[in-house]
Participant: 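First, the structure itself, so that you have it in front of you.
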Amino acid sequence: MSKPVISFRLSESELQTLDEACRRFNESRSQVVSRAIKSLLTEYVDRDGKLIRQPYWMPNMDGKYNAS
């Protein structure tokens, strides 16, 4: 399976933070970045043009939970 390659710049401290997350999750940099994006999309919902953080333990508007 072929995946597109993207590039972005991180400061040295941001790179250290990314590498720490990689160690904690035992995942590659791309896996951790993908996990972070999914988490942001799951936890932050758009309500009338405002981003509202909705933690995983709170039900969505449809009654489902983010953790599922």
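Index from 1, following the sequence.
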Participant: For Ala21 and Val32, work out which heavy atoms get closest and say how close.
Facilitator: CB-CG1, 3.7 Å
Participant: Checking Glu43 side chain against Leu40 main chain: does a donor-acceptor pair fall under 3.5 Å?
Facilitator: no
Participant: Checking Glu27 now: which residues fulfil side-chain hydrogen bond (donor to acceptor under 3.5 Å, both in side chains) with it, not counting sequence neighbours?
Facilitator: Arg35
Participant: In terms of hydrophobic clustering (I, L, V, M, F, W, Y; side-chain heavy atoms under 4.5 Å; direct or indirect links), are Phe25 and Leu41 co-clustered?
Facilitator: no
Participant: Which residues satisfy the side-chain hydrogen bond (donor to acceptor under 3.5 Å, both in side chains) test with Ser11, sequence neighbours excluded?
Facilitator: Ser13, Glu14
Participant: Would you check if Arg29 and Asp19 make a side-chain contact, meaning some heavy-atom pair closer than 4.5 Å?
Facilitator: yes
Participant: Set out, in order, the CA-CA distance, both residues' side-chain angles and the distance that settles side chain to side chain donor-acceptor pair (under 3.5 Å) for Ser34 and Gln31, then state yes or no.
Facilitator: CA-CA 5 Å; Ser34 179; Gln31 288 170 313; over 6 Å; no
Participant: Around Asn26, counting heavy atoms of other residues, nucleotides and ligands shown, do more than 12 lie under 6.0 Å from its CG?
Facilitator: no
Participant: Are Leu10 and Ile37 in one and the same hydrophobic cluster, where Ile, Leu, Val, Met, Phe, Trp and Tyr link if side-chain heavy atoms are under 4.5 Å apart?
Facilitator: yes
Participant: Would you call Val33 and Leu18 a side-chain contact if the rule is heavy atoms closer than 4.5 Å?
Facilitator: yes
Participant: Among the clusters formed by ILVMFWY side chains lying less than 4.5 Å apart, do Val5 and Leu15 turn up in the same one?
Facilitator: no
Participant: If the condition is salt bridge (charged side-chain N to carboxylate O under 4.0 Å, His left out), which residues does Arg9 pass it with, not counting sequence neighbours?
Facilitator: none
